[in-house]
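Single-structure report; data block below.
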Amino acid sequence: MLYCYDERLPLESFKREIQLAVEKNIAVFYNEETGFVDSLGKRIDIKGKRIMPRTFVSTINQINEVILSNGGLLVLSHEDDEKILNWPKYYRPKRKAFIFKGKDLTNEEIVNNIRKIFGDRIFIKTKEKNFNGIIPTSLLEDKECNFYKALLCSLDTDFIVSGVVDLVKDEYGIKEYRCIVMDNEVANISRFTENVLHTIRSIR
């Protein structure tokens, strides 16, 4: 499998990952001018190779189409990406989560139901992950606050609303683990830290 980094976007957040992928010779870089190249700028034929695009939510469909048109094989199909983006529709963990349009979050009856389910605080983020935060539920009712006014400008935007989780911290930061499952097997477990690279024993 090759990791394809979208050079049309800022890749600073992928810096350490790119370094590791280059060391393992599994890094591919893409932009419209050069096409698919390795870390030295040499053109790569991706035909028949499994590709994991490393890009942003807003550009995933676009780069998927480029990969397919060049004969590459997607690790995640369009259907998989849609399920990941809209996960509250398909997966029901103990921590409840729902997708609402901005206009729903200005509806008094819906807000009352949100308060009944989650209480006085909620975690809210846009589905495209360009905004997230913990807010008092009352902000959904305060027509004079900036948050409510922003909702009025985002009536057709999708928001994911869920309960607040108080994450535990240690000397490395928040104890959040992210798992990648492929073909029903755990392919990777990573600790969410800013500067520490953790080696985790395989559970296979």
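- Proximity of Asp104 to Phe159: side-chain heavy atoms (C-beta onward) are nowhere separated by under 4.5 Å.
- No side-chain heavy atom of Val22 sits less than 4.5 Å from a side-chain heavy atom of Gln19.
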Start with the C-alpha distance between Leu2 and Phe36, add both sets of side-chain angles, then the distance that settles side chain to side chain contact (heavy atoms under 4.5 Å, CB included), and finish with yes or no. CA-CA 11 Å; Leu2 300 175; Phe36 295 93; over 6 Å; no
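- Environment of OH in Tyr3: sparse, with no more than 12 heavy atoms of neighbouring residues, nucleotides or ligands closer than 6.0 Å.
- Taking CG of Leu140 as the reference point, atom CZ of Phe100 lies at 9.5 Å (rounded to 0.5 Å).
- Between Phe14 and Arg16, every side-chain heavy-atom pair lies at or beyond the 4.5 Å cut-off.
- Checking side-chain atoms of Arg92 against main-chain N and O of Ala97 turns up a donor-acceptor pair under 3.5 Å.
- A salt bridge links Lys103 to Asp156: one of the charged nitrogens lies within less than 4.0 Å of a carboxylate oxygen.
- The closest side-chain heavy-atom distance from Ile26 to Met1 is not below 4.5 Å.
- A salt bridge links Asp158 with Lys101; the closest basic N to acidic carboxylate O contact falls under 4.0 Å.
- Inter-residue side-chain proximity for Asn112 and Glu109 is flagged as unmet; no heavy-atom pair is nearer than 4.5 Å.
- Of the N and O atoms on the side chains of Glu79 and Ser77, at least one donor lies less than 3.5 Å from an acceptor on the other residue.
- A salt bridge links Arg8 with Asp6: the distance from a Lys NZ or Arg NE/NH1/NH2 to an Asp or Glu carboxylate oxygen falls below 4.0 Å.
- Within 6.0 Å of NZ on Lys89 lie no more than 12 heavy atoms contributed by other residues, nucleotides or ligands.
- A distance-only check finds no donor-acceptor pair linking the side chain of Thr137 to the backbone of Val111 [under 3.5 Å].
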Could you go step by step and tell me if Phe98 and Ile114 meet the side chain to side chain contact (heavy atoms under 4.5 Å, CB included) rule? CA-CA 9 Å; Phe98 302 94; Ile114 289 173; over 6 Å; no
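- A donor-acceptor contact shorter than 3.5 Å links the side chain of Thr126 to the backbone of Phe131.
- Counting heavy atoms from C-beta on, the side chains of Asp81 and Leu74 never come closer than 4.5 Å.
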Please step through side chain to side chain donor-acceptor pair (under 3.5 Å) for the pair Arg95 and Ser162, ending with a clear verdict. CA-CA 7 Å; Arg95 178 190 179 198; Ser162 65; 2.9 Å; yes
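- Environment of CD in Glu33: sparse, with no more than 12 heavy atoms of neighbouring residues, nucleotides or ligands closer than 6.0 Å.
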